[in-house]
Asker: 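Below is a structure I'd like to ask you about.
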There are 2 protein chains.
Amino acid sequence: MTTGGDDRLERMLQLLRARGGRVTNARRAVLGALLDHREHASAEALAEMVHDSHPDVHLSTVYRTLDAFEQLGVVTHVHLGHGRAVYHLTDEIHHHAVCERCGAVLQLPLTLFAPLHRRLVDEFGFEVDAHHFAIAGRCAPCRSELRAQLSADPPAAGHGNVTIENVP
Amino acid sequence: MTTGGDDRLERMLQLLRARGGRVTNARRAVLGALLDHREHASAEALAEMVHDSHPDVHLSTVYRTLDAFEQLGVVTHVHLGHGRAVYHLTDEIHHHAVCERCGAVLQLPLTLFAPLHRRLVDEFGFEVDAHHFAIAGRCAPCRSELRAQLSADPPAAGHGNVTIENVP
DNA sequence: GTAATTGCAAAGCTTTTGCAATTTA
DNA sequence: TAAATTGCAAAAGCTTTGCAATTAC
């Protein structure tokens with residue numbers, strides 16, 4: 001076990017300071033929550049986590065903190081569905097696929113998208129920049145369930161090297 | 001010049017009636033606006049168009065109408081950015097790429113995504129269902145401009161067979 | 001000391017909903 | 001006539017903002 005998380009936190013705070021920003025308990029706490037909780041979290045979820053140790057940090061402060069670090073390029077937010085956005089640290093770049101049935105989120109490796117990105121640049125001059133919006137569809141378990149409801153053999157599908165999260 | 005639009009409108013209204021729905025002036029007007037305006041339009045934009053001939057159709061009715069036809073599979077909505085969603089007729093299936101700099105929307109042919117979709121099903125069991133969220137990035141003109149600001153030779157890139165729209 | 005940050009409350013923006021009145025089939 | 005639809009007003013859900021008080025540097 002290392003103190004990698006703490007190091008990162010300090011590095012991010014350094015960057016903030018270097019840009020004229022000020023390090024406060026609220027910001028430290030929000031960033032800490034983001035580091036601890038390695039999945040995608042909404043601003044409200046982060047606020048709740050922060051409240052465990054800092055009950056007085058206001059939701060609007062969480063938003064402003066996330067915004068500040070987003071401008072520093074350290075944090076990114078994604079729209080996984082129609083509701084609230086979720087935030088994560090920028091270094092973990094990936095695309096998102098959301099199951100429209102159960103809400104599960106698959107994190108897909110960027111390499112999967114490389115050929116498409118290349119074609120978009122080559123043929124359309126469009127340079128994909130973000131993983132800002134999710135791809136919608138049906139995850140394997142849900143497809144199995146749905147198929148089972150129709151036929152008699154419910155096949156089980158694996159998930160490969162993706163991370164799955166449930167965002168309620 | 002044909003009356004294809006009117007035909008389509010009537011067919012859609014037929015479908016609605018067949019499912020127990022009722023055809024009203026408001027619905028006719030909303031669908032008409034969607035047919036006339038062949039680009040993506042927000043609910044509010046559609047309401048404004050409708051108001052030209054039917055000033056009393058309420059925005060909430062527009063939302064409810066769009067929702068009704070979306071359930072019939074005739075209409076689809078897309079999130080192009082952080083703000084309001086835009087609606088279009090379902091038959092024109094395509095993906096969207098939005099330029100984060102100028103807001104231009106590229107409509108990309110689905111075939112471009114076929115290989116990716118196939119891999120997602122094969123390797124991850126994930127079945128892409130929608131074009132529900134846009135891909136963010138930089139369009140060719142903006143890339144040129146940005147490059148021109150840095151270097152001395154601003155190359156011009158073509159747009160191929162995509163449709164470009166400006167969504168303000 | 002000065003500028004940045006915070007908590008709070010209030011507003012903003014898009015979308016949804018309850019309800020009585022109206023309209024469709 | 002019965003059920004669906006509408007206009008209106010109000011609420012809901014997420015996010016942003018104005019402002020005076022506080023805090024970091």
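Keep in mind it's a predicted model, so treat the numbers as computed, not measured. Numbered from 1 within each chain, the chains take letters A, B, ... in sequence-line order.
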Asker: Whole angstroms only, please: what is the CZ-P distance between B:R17 and D:dA4?
Answerer: 16 Å
Asker: With no hydrogens and no angle check, is any side-chain donor or acceptor of B:R27 less than 3.5 Å from a backbone partner on B:R22?
Answerer: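 Judged by distance alone, yes, a pair lies under 3.5 Å.
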Asker: If only atom types and distance count, is the side chain of A:H88 paired as donor or acceptor with the main-chain N or O of A:H77 below 3.5 Å?
Answerer: no
Asker: Whole-Å distance between C:dT5 P and A:L31 CG?
Answerer: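 So the CG-P distance, A:L31 to C:dT5, works out to 14 Å.
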Asker: Please report the distance, rounded to the nearest Å, between CG in A:L16 and P in D:dA24.
Answerer: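 Taking CG of A:L16 and P of D:dA24, I get 13 Å after rounding.
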Asker: Any sub-3.5 Å donor-acceptor pair from B:H54's side-chain atoms to B:D56's backbone N or O?
Answerer: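 Such a contact is absent between B:H54 side chain and B:D56 backbone.
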Asker: A:L66 has an atom CG; how far is it from atom C1' of C:dT6, in whole Å?
Answerer: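 Those two atoms, CG and C1', are 15 Å apart.
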Asker: Would you give a per-nucleotide map of nucleotides 8-21 of chain D, 5' to 3', where B means the base has a protein non-hydrogen atom under 4.0 Å away, S means only the sugar-phosphate does, and - means neither?
Answerer: B-----SBBBB---
Asker: Closer than 4.0 angstrom, basic N to acidic O: yes or no for B:R28 and B:E10?
Answerer: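 B:E10 and B:R28: salt-bridged.
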Asker: Would you say C:dT23 has OP1 or OP2 under 4.0 Å from some side-chain N or O of B:R22?
Answerer: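 Indeed not, no polar side-chain atom of B:R22 lies that close.
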Asker: What nucleotide among C:dT6, D:dG7, D:dA4 has an atom nearest to a side-chain atom of A:T61?
Answerer: C:dT6
Asker: Under 3.5 Å, side chain of A:H51 to main-chain N/O of A:V57, donor-acceptor pair present?
Answerer: yes
Asker: Examine C:dT6: is either OP1 or OP2 under 4.0 Å from a nitrogen or oxygen in the side chain of A:T24? Give yes or no.
Answerer: yes
Asker: Roughly, in whole Å, what's the span from CZ in B:R27 to C1' in C:dA25?
Answerer: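 About 13 Å, once rounded to whole Å.
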Asker: Is A:L108 close to A:F113 at the side-chain level, that is, under 4.5 Å between some pair of heavy atoms?
Answerer: yes
Asker: Taking CZ from A:R19 and P from C:dA3, how many angstroms apart are they, rounded to a whole number?
Answerer: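 Result: 21 Å.
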Asker: Without decimals, in angstroms, what is the distance between A:R28 CZ and C:dT5 C1'?
Answerer: 15 Å
